[in-house]
Enquirer: 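What follows is a structure written as structure tokens; I'll ask about it next.
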Amino acid sequence: MSKALLQAQVELWNQTFSFMKSVALAVALDLRIADAIRHHGGAATIPQILAGIGISPCKLAGLRRLMRVLTVAGTFTIQPPETSSGGHDEPIYKLTTVSRLLTTSDDDGETSASCLSPMLSHVLNPF
């Protein structure tokens with residue numbers, strides 16, 4: 001297969017699956033994941049995020065997949081679990097500059113003037 005043909009296939013797959021990033025972002029906005037992470041000091045494990053957003057523990061696997069997509073998209077970063085005996089066994093998800101724009105309040109509890117969540121929710125609404 002030629003390099004040009006392979007690149008064309010990559011481009012088509014990227015275009016085909018790019019909607020997943022916006023769907024994942026819309027779900028993250030609805031669940032207020034960035035706020036849940038911010039409430040844990042800007043870094044949280046999946047169980048902490050799950051507790052912070054108030055959804056059923058049976059949704060843990062789905063939340064893991066969602067966070068994987070959001071991490072690949074650059075919305076959040078991930079710190080792999082530590083392998084030392086005193087470390088944690090869960091990866092830690094951290095806010096990025098991008099995800100800080102999704103938090104609805106700042107560190108003082110005041111409504112954040114830079115929050116883009118309402119506008120993005122409107123744009124991503126599938127009406």
Side-chain angles (χ1 to χ4, degrees):
M1 180 178 294
S2 74
K3 185 176 179 178
L5 185 57
L6 185 59
Q7 185 58 41
Q9 287 183 358
V10 167
E11 182 61 29
L12 284 175
W13 284 116
N14 281 335
Q15 290 179 21
T16 301
F17 290 112
S18 65
F19 77 95
M20 291 176 63
K21 291 179 185 177
S22 60
V23 170
L25 180 58
V27 172
L29 290 170
D30 286 346
L31 295 175
R32 298 179 58 171
I33 291 174
D35 284 332
I37 294 173
R38 188 188 61 76
H39 288 304
H40 280 280
T45 63
I46 291 285
Q48 290 171 328
I49 296 168
L50 187 72
I53 60 178
I55 61 173
S56 171
C58 72
K59 303 292 184 182
L60 184 69
L63 181 59
R64 283 188 200 286
R65 286 190 296 274
L66 175 66
M67 293 304 293
R68 193 173 307 127
V69 171
L70 293 167
T71 300
V72 169
T75 308
F76 300 103
T77 60
I78 187 169
Q79 177 183 326
E82 294 177 5
T83 56
S84 64
S85 60
H88 54 277
D89 56 354
E90 284 279 342
I92 297 174
Y93 293 88
K94 296 181 175 184
L95 294 176
T96 62
T97 304
V98 171
S99 54
R100 288 184 192 283
L101 294 173
L102 305 178
T103 58
T104 56
S105 60
D106 58 22
D107 293 332
D108 299 328
E110 298 292 321
T111 301
S112 176
S114 63
C115 180
L116 296 178
S117 289
M119 183 185 70
L120 293 175
S121 291
H122 177 72
V123 170
L124 294 169
N125 187 342
F127 64 89

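Position 1 is the first residue of the sequence; numbering continues from there.
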Enquirer: Would you compute the distance between atom OG1 of T104 and atom CZ of R38 and round it to the nearest 0.5 angstrom?
Expert: 6.5 Å
Enquirer: Identify every side-chain donor-acceptor pair in residues 20-27 under 3.5 Å, counting partners at least two apart or on other chains, and give the distances.
Expert:
residue: S22; atom: OG; partner: F19; partner atom: O; Å: 2.9

Enquirer: I92, I78: one ILVMFWY side-chain cluster at the under-4.5 Å cut-off?
Expert: no
Enquirer: Which residues pass the side-chain hydrogen bond (donor to acceptor under 3.5 Å, both in side chains) test with T96, sequence neighbours left out?
Expert: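 Testing T96 for side-chain hydrogen bond (donor to acceptor under 3.5 Å, both in side chains), a comparison that skips the adjacent residues, returns S99.
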Enquirer: Taking all atoms of both residues into account, what is the closest heavy-atom pair of Y93 and I37, and its distance?
Expert: O-CG2, 3.8 Å
Enquirer: Sequence neighbours excluded, which residues qualify as side-chain contact (heavy atoms from CB on, under 4.5 Å) partners of L6?
Expert: M1, Q9
Enquirer: Does Q48 use its side chain to pair, donor to acceptor, with the backbone of T45 at less than 3.5 Å?
Expert: yes
Enquirer: Provide the closest heavy-atom pair for A36 versus I53 in the form atom of the first, atom of the second, distance.
Expert: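 Closest approach of A36 to I53: CB-CG2, 3.8 Å.
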Enquirer: What donor-acceptor contacts under 3.5 angstrom involve side-chain atoms of residues 58-71, with partners at least two apart or in another chain?
Expert:
residue: R64; atom: NH1; partner: E90; partner atom: OE1; Å: 3.2
residue: R64; atom: NH2; partner: E90; partner atom: OE2; Å: 3.2
residue: T71; atom: OG1; partner: M67; partner atom: O; Å: 2.7

Enquirer: Does any part of the side chain of F76, heavy atoms only, come nearer than 4.5 Å to the side chain of L95, both counted from C-beta?
Expert: yes
Enquirer: Between L102 and S117, which heavy-atom pair has the shortest distance, and what is it?
Expert: O-OG, 2.7 Å
Enquirer: Between atom CG of L101 and atom SG of C115, what is the distance when rounded to the nearest 0.5 Å?
Expert: 8.0 Å
Enquirer: Applying side-chain contact (heavy atoms from CB on, under 4.5 Å), name anything that partners A51, two or more places apart in sequence or on another chain.
Expert: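 With neighbours one apart ignored, the set is empty.
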Enquirer: With a 4.5 Å heavy-atom cut-off, do L5 and S2 have their side chains touching?
Expert: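 Of all side-chain heavy-atom pairs linking S2 with L5, at least one is under 4.5 Å.
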Enquirer: Quick one, L31 with I55, criterion side chain to side chain contact (heavy atoms under 4.5 Å, CB included). Give me CA distance, side-chain angles, the key distance, then yes/no.
Expert: CA-CA 9 Å; L31 295 175; I55 61 173; 4.0 Å; yes
Enquirer: Apply ring-ring contact (aromatic ring centres under 6.0 Å, His included) to F17 and list each qualifying residue two or more places apart in sequence or on a separate chain.
Expert: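 Testing F17 for ring-ring contact (aromatic ring centres under 6.0 Å, His included), a comparison that skips the adjacent residues, returns W13.
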Enquirer: Can you measure from CE (M119) to CG (L29) and round to the nearest 0.5 angstrom?
Expert: 10.5 Å
Enquirer: Regarding D35 and T103, do their side chains bring together a donor and an acceptor under 3.5 Å, going by distance alone?
Expert: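 Not at all, the side chains of D35 and T103 share no donor-acceptor pair under 3.5 Å.
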Enquirer: With heavy-atom distances below 4.5 Å as the criterion, would you say the side chains of E11 and Q15 are in contact?
Expert: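 Counting from C-beta outward, E11 and Q15 do come under 4.5 Å.
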